[in-house]
Amino acid sequence: MPRYDFTDIESRWQHYWDENRTFHAPGPGEEGFDPKQPKFYVLDMFPYPSGAGLHVGHPKGYTATDVLSRFLRMRGYNVLHPIGWDSFGLPAEQYAIQTGTHPAETTAANIVNFTSQLKALGFSYDWQRELATTDVDYYRWTQWIFTKLYERGLAYQAEVPVWWCEALGTVLANEEVIDGRSERGDHPCVRRPLRQWMLKITAYAERLLADLEDLDWPESVKAMQREWIGRSEGGEIDFQVEGHSQTFTVFTTRPDTLFGATFCTLSPEHPLVEKVTGSEQRAAVEAYRLEASRKSDLERTALAKDKSGVFTGAFALNPVYPEGDPRRRMPIYVADYVLMSYGTGAIMAVPGGDERDFDFAVEHDLPIVQIVEPPSFPKDPAEAEKIGLVRQTEHQGQAAYCFTGVGRAIHSDFLNGLAKAEAVKAMIEWLQAQDCGRPRVTYRLRDWLFSRQRYWGEPFPVLHGEDGEVKLVDESDLPVSLPALDDFKPTSSGDPPLARATDWLEVVDADGKVWKRETNSMPQWAGSCWYYLRFCDPKNQDQAWSQKAENYWMPVDFYVGGAEHAVLHLLYARFWHKVLFDCGLVSTSEPFQKLVNQGMVQSFAFKDRRGALIPVDRVEEREEGHYFDQESGEPVERLIAKMSKSLRNVVTPDSVIQEFGADTIRLYSAFMGPVTASAPWNPRDLPGVHRFLQRTWRLFVPEEEDGPPLHPWLLEQKDGDEEVERALHKAIAKTTEDLEQLALNTAIAAMMEFVNVATRKGGRLSRSQAERFTLLLSPFASHLAEELWSKLGHNDTLAYEPWPEFDPAMLVEDTLDLPVQINGKVRARIQVPRQASREQVEETAMAEVGERLEGLQVRKVVVVPGRLVNLVVAKS
RNA sequence: GGGGGGGUAGCCCAAUUGGCAGAGGCAAGGGACUUAAAAUCCCUCAAGUGCGGGUUCGAGUCCCGCCCUCCCUACCA
């Protein structure tokens with residue numbers, strides 16, 4: 001077998017691993033479990049098994065976790081490295097609706113396809129732990145966790161304005177709606193009040209925020225979660241409405257600016273609007289509210305820079321001004337720049353200290369009172385803006401400005417002269433004394449809309465009595481199986497499709513009372529909120545997981561996935577985990593200790609002169625760096641973009657495996673750059689890593705057609721070449737160090753360096769060198785390494801062989817080659833013994849560059865041990 | 001507007017965290033082997049690190065001010 005026949009090698013070893021369950025990690029209580037070994041839990045974000053299959057972006061993250069898992073096994077860890085399927089959700093259902101195929105059928109087919117693709121890449125998953133969120137054995141426990149949430153008062157029903165997507169026939173969570181359109185499918189959405197299940201994630205806002213601190217997560221993800229939670233400290237202030245018994249409350253981060261409040265603004269949805277609007281204003285207000293309700297959020301926010309709004313005819317009373325003071329009466333406006341969903345849906349407007357209020361005041365000719373004095377008034381607008389002086393204009397006959405920066409209070413009675421922090425404190429104390437305000441912390445985070453009017457999701461374990469009573473399905477009656485419906489399309493009425501399952505719908509309890517099942521289903525996020533826990537004990541029929549297993553394996557030590565899950569999945573899972581922690585069901589307060597976002601694998605796309613996208617398969621490179629459209633012959637521009645169907649630039653692993661093999665694709669995925677970096681998939685670079693594998697192969701196997709299966713010298717026990725031995729120690733040291741940092745690209749470079757040295761030295765490795773290098777290579781090119789290992793005469797997999805060691809003494813050279821700098825520029829080099837003293841080094845250096853120092857005075861000699869000598873000289 | 005990355009040979013990327021700008025790969029050029037080609041092997045080539053200042057004996061790395069680019073977010077009171 002002279003040639004490196006990767007197709008044959010890879011399929012053989014994949015079968016071997018499968019048959020021998022090589023990567024099954026026994027847990028506590030299981031046969032073969034060794035509690036003396038430390039554990040390590042390496043997790044990939046489990047995929048949604050789409051119909052499209054894998055593209056080459058998937059293996060990037062999967063390769064990183066796989067290399068790490070294999071490395072850690074060899075270092076004596078019990079490694080939990082599972083895989084499963086996030087298989088409920090909209091795409092399967094959409095596809096089913098279009099084609100008439102049942103989602104259970106397409107999901108099963110997709111899982112088969114994904115499984116074979118992942119196996120073809122040789123990932124060392126523990127397939128005995130495979131699970132799918134759509135398995136009844138799995139989702140019965142998802143339902144069970146819901147009952148825990150319900151019992152703790154964290155799941156409730158509410159009539160709330162929710163995003164309704166007509167095209168999808170379901171409500172969506174805020175996070176699933178982007179600019180008024182559905183994230184999936186990009187369909188228009190409108191707000192509509194509906195009875196829905198909500199999860200009280202807001203009760204955990206503070207802990208979700210505070211506990212981010214100790215997580216080893218990318219700063220960007222932490223920042224996104226912090227922003228999403230949106231903690232904001234300030235105060236609440238109650239306002240009387242003149243001539244009404246009504247009051248309303250506003251939230252403000254700047255209670256210290258109350259003296260500058262000259263009007264109030266209510267959100268169009270605010271319930272007070274109806275009550276206080278005067279008869280003269282009623283028509284205008286109603287028209288405005290109607291208009292606002294028709295606008296998408298995008299139109300109301302991002303696109304609308306002008307501040308629209310109408311007067312209600314009512315006045316609010318500013319408590320800091322005495323009766324009779326005209327400043328006490330603040331007109332109440334309705335304006336859509338105030339959102340019902342944040343704070344209290346009402347604000348006090350301080351045009352002197354808030355840009356939006358300032359713009360509104362200017363537009364509607366309302367008074368502007370200055371309440372914070374800027375430290376200076378720079379003439380340069382850019383300078384002014386920098387200190388917070390964001391607007392300056394002539395208004396109502398005098399100069400007016402809006403200052404949002406740091407300054408002292410003015411025109412504010414008892415606050416005058418105070419800096420912001422003291423002023424806020426003083427005002428809140430004053431408000432509390434008057435009983436019309438208090439300190440308050442608000443969060444942008446809202447409760448999680450947890451129900452969907454769709455078929456392909458977990459049924460709720462909830463029963464509704466005719467009298468309106470709501471109760472949980474008894475734990476002993478779980479699971480509530482998803483009924484096998486033929487017609488699973490959304491209904492035009494908005495009723496969930498499960499309402500059609502007439503046999504399933506009604507339940508009669510022991511007392512003869514008739515109940516109707518909840519017909520909403522859970523959102524896709526439900527299943528992914530706890531799958532990492534089920535992996536600890538996936539076959540457990542009596543419990544979601546055993547305490548023993550959870551205790552041993554959790555938390556997840558290393559979690560890898562895309563940045564797109566920075567808030568949704570990762571926040572929801574943290575929330576559930578904390579609830580389970582409070583229930584005493586898990587032993588850690590956070591599920592994922594270390595998180596890494598793998599970079600995106602992009603792809604080249606091409607654009608012609610008019611900017612139209614040209615499919616990749618229609619482009620040819622006629623000369624270095626110049627690309628042409630084969631159809632029109634026109635030159636096209638190459639750009640780097642996300643892989644997508646529309647750009648026709650998706651690369652699938654299948655074709656690459658066929659041409660170069662799985663080991664090559666793994667190597668290349670890891671070699672492209674840091675795991676976290678995005679880079680384009682460049683087919684031109686594949687042969688490079690493939691050649692490395694071939695060179696490796698040749699170090700073991702003679703090329704001749706009829707040659708022996710192994711170089712004869714590899715069967716002898718002999719010492720290897722000294723230089724090769726040093727290179728090997730260097731490679732082991734570098735690879736080990738890099739793997740600990742997940743710096744796969746540089747680890748591969750180190751192995752390439754070794755192979756280059758070995759090849760240059762004639763390609764004769766000692767048996768021991770060959771064995772150690774094989775082990776070193778095995779986390780990356782696992783199939784090839786297994787093959788070489790068996791050629792060396794081993795009968796077992798190398799997956800659990802001890803990781804090769806290196807001797808630090810082998811890494812240092814006896815003689816150092818040091819540069820000698822004069823004023824920081826390299827002028828000569830010297831050779832000194834490694835042990836040479838500072839004085840010796842200095843002396844040698846001076847002797848070497850002596851003649852260059854003519855007429856110069858050496859003012860300082862810098863000797864950096866082992867690195868360089870720098871002479872600082874000046875004209876004497 | 002705000003937040004988080006990133007700009008180093010033609011390209012993808014390294015650089016012991018202040019110490020010789022180069023580990024590795026691609027591409028390019030030359031040579032060896034070959035009747036020839038492929039494959040393989042050997043050799044060569046290149047940037048002074050986005051721009052402008054500063055600190056330092058010494059800056060890709062630290063500080064200040066800009067430019068470009070990718071991702072996220074955006075009237076949040």
Side-chain angles (χ1 to χ4, degrees), chain A residues 3 218-224 226-228 230 232 234 250-254 257 265 267 297 300-305 307 335-339 341-350 353-357 359-360 385 390 442-444 563-564 566-567 597 599-600 602 624-625 640 642 667-668 671-674 676-692 694-695 698 703 730 734 737 743 745-753 755-756 759-760 763 817-826 829 859-873:
Chain A
R3 297 278 299 179
E219 212 33 62
S220 59
V221 176
K222 288 198 199 182
M224 274 189 253
R226 280 191 200 108
E227 272 166 36
W228 191 261
S232 166
V250 305
F251 171 73
T252 175
T253 53
R254 297 295 304 271
T257 61
T265 312
S267 157
D297 263 21
R300 273 179 66 162
T301 59
L303 297 180
K305 284 297 158 219
K307 295 281 173 288
D336 65 8
Y337 77 94
V338 176
L339 308 174
S341 49
Y342 184 76
T344 60
I347 62 160
M348 67 177 205
V350 184
D354 184 286
E355 284 178 71
R356 296 154 296 174
D357 299 344
D359 294 343
F360 193 90
E385 192 151 333
V390 291
T442 345
Y443 299 90
R444 210 177 82 131
E564 66 274 18
V567 269
N597 290 135
M600 206 192 311
Q602 299 143 318
E624 185 70 26
I640 290 165
K642 236 181 228 187
L667 249 315
Y668 176 66
F671 191 59
M672 291 169 78
T676 52
S678 295
W681 181 267
N682 191 350
R684 226 197 218 186
D685 288 340
L686 280 163
V689 283
H690 188 67
R691 252 174 281 190
F692 161 66
Q694 283 177 319
R695 295 178 124 204
R698 264 182 256 117
E703 288 228 76
K730 213 174 131 196
K734 178 76 176 142
E737 197 178 291
N745 52 333
T746 47
I748 293 169
M751 291 186 287
M752 287 174 164
E753 213 176 337
V755 170
N756 290 348
T759 304
R760 211 174 307 127
D817 180 37
L818 299 183
V820 180
Q821 298 181 335
I822 296 176
N823 287 344
K825 298 218 160 73
V826 181
R829 350 196 96 252
R859 299 180 52 175
K860 194 173 172 187
V861 181
V862 181
V863 178
V864 183
R867 302 235 67 104
L868 54 68
V869 180
N870 187 18
L871 306 175
V872 185
V873 303

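In what follows, chains are A, B, ... by sequence order, proteins preceding strands, each numbered from 1. Please read these numbers as outputs of a predicted model, since none were measured by experiment.
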When every non-hydrogen atom of A/N823 is compared with those of A/V872, the smallest separation belongs to OD1-CA, 3.4 Å
Between A/L871 and A/D354, which is nearer to the 5' end of RNA chain B once each is assigned its nearest nucleotide? A/L871
Could you work out the separation of B/U8 and B/G22 based on their C1' atoms and round it to a whole Å? 10 Å
B/U44 versus B/G3 - spacing of their P atoms, nearest Å: 49 Å
Taking OP1 and OP2 of B/A15, is either one under 4.0 Å from a side-chain nitrogen or oxygen of A/R867? no
Identify the nucleotide, in any strand shown, that forms a Watson-Crick or G-U wobble pair with B/U34, with both distances under 3.5 Å; if there is none, say none. none
B/A38 P sits how many Å from A/R3 CZ, rounded? 14 Å
Using the P atoms only, state how far B/G31 lies from B/A36, rounded to an integer number of Å. 14 Å
Does B/C41 have its OP1 or OP2 closer than 4.0 Å to a side-chain nitrogen or oxygen of A/R695? yes
In whole Å, what is the span from the CD atom of A/E355 to the C1' atom of B/A74? 13 Å
Among B/G4, B/G24, B/C75, which is the nearest nucleotide to the side chain of A/E219? B/G4
Measure the distance from CG on A/N756 to P on B/A23 and round it to the nearest whole Å. 12 Å
Step-by-step salt bridge (Lys or Arg N to Asp or Glu O under 4.0 Å) determination, A/E219 to A/R226: CA-CA 10 Å; A/E219 212 33 62; A/R226 280 191 200 108; 3.4 Å; yes
Nearest of B/G25, B/C57, B/A77 to any side-chain atom of A/K860? B/C57
Could you pick out which residue, A/P687 or A/G343, lies toward the 5' side of RNA chain B when each is mapped onto its nearest nucleotide? A/P687
B/C11 and B/G50, which share atom name P, separated by this distance in whole Å: 13 Å
Nearest heavy-atom contact between A/P819 and A/R867 is CD-O, 3.2 Å
Once rounded to the nearest 0.5 Å, what's the spacing between atom CE of A/M672 and atom CG of A/L686? 9.0 Å
Just N and O in the side chain of A/T676: are any of them under 4.0 Å from OP1 or OP2 of B/G5? no
Expressed as a whole number of Å, how far does the C1' atom of B/U69 sit from that of B/A23? 27 Å
What integer number of Å spans the C1' atoms of B/C71 and B/A28? 34 Å
Nucleotide paired to B/C26 in any strand shown, Watson-Crick or G-U, under 3.5 Å: B/G10
Measure from the side chain of A/A679, starting at C-beta and using heavy atoms only, and say which of B/C13, B/C76, B/A23 lies closest. B/C13
Glycosidic class, syn or anti, of B/G48 using a 90° window around 0: syn
Both distances below 3.5 Å, Watson-Crick or wobble geometry, any strand: find the nucleotide opposite B/G1. B/U73
Spacing of the C1' atoms in B/C26 and B/A9 (rounded, Å): 12 Å
So, is A/R356 near the phosphate of B/C76, with a side-chain N or O under 4.0 Å from OP1 or OP2? yes
Just to confirm, is there a sub-4.0 Å distance from OP1 or OP2 of B/C41 to any side-chain nitrogen or oxygen of A/R698? yes
Between A/I822 (CD1) and B/G19 (C1'), how many Å, whole number? 16 Å
What is the distance, rounded to the nearest whole Å, between atom CZ of A/R859 and atom P of B/U56? 13 Å
Provide, to the nearest angstrom, the distance between the CG atom belonging to A/N745 and the C1' atom belonging to B/C26. 15 Å
Using a cut-off of strictly less than 4.0 Å, decide whether A/N682 has a side-chain nitrogen or oxygen near OP1 or OP2 of B/C13. no
Assign A/P674 to base, sugar-phosphate, or nothing according to its heavy-atom contacts below 4.0 angstrom with the strands shown. sugar-phosphate
Validation row: A/N597, A/T676 side chains within 4.5 angstrom (heavy atoms): no
Where the chi angle of B/U61 falls, syn if within 90° of 0 and anti if not: anti
Measure distances between side-chain N and O atoms of A/D685 and base N and O atoms of B/C26, and say whether any donor-acceptor pair falls under 3.5 Å. no
To the nearest angstrom, how far is A/Q602 atom CD from B/C71 atom P? 8 Å
Looking at A/N745 and A/G673, what are the two nearest heavy atoms and their distance? ND2-C, 3.6 Å
Nearest to side-chain heavy atoms of A/R684, which nucleotide of B/A23, B/G24, B/A27: B/A27
Worked verdict on A/D357 versus A/Y337 for side-chain hydrogen bond (donor to acceptor under 3.5 Å, both in side chains): CA-CA 10 Å; A/D357 299 344; A/Y337 77 94; 2.9 Å; yes
Between B/G4, B/A77, B/A14, which one does the side chain of A/T252 approach most closely? B/A77
Find the distance A/N870:CG to B/U56:P and express it as a whole number of Å. 15 Å
When you compare B/G58 with B/G1, how far apart are their P atoms, in angstrom units rounded to a whole number? 37 Å
Assign A/Q694 to base, sugar-phosphate, or nothing according to its heavy-atom contacts below 4.0 angstrom with the strands shown. sugar-phosphate
Please tell me which of the listed nucleotides, B/U40, B/C76, B/G24, lies nearest to the side chain of A/R691? B/U40
Non-hydrogen atoms of A/V250 and A/T344 that approach each other most closely: CA-OG1, 3.4 Å
A/Y337 side chain: which of B/G24, B/C75, B/A21 is closest? B/C75
Which nucleotide wins on minimum distance to the side chain of A/R444, given the candidates B/C76, B/G24, B/A14? B/C76
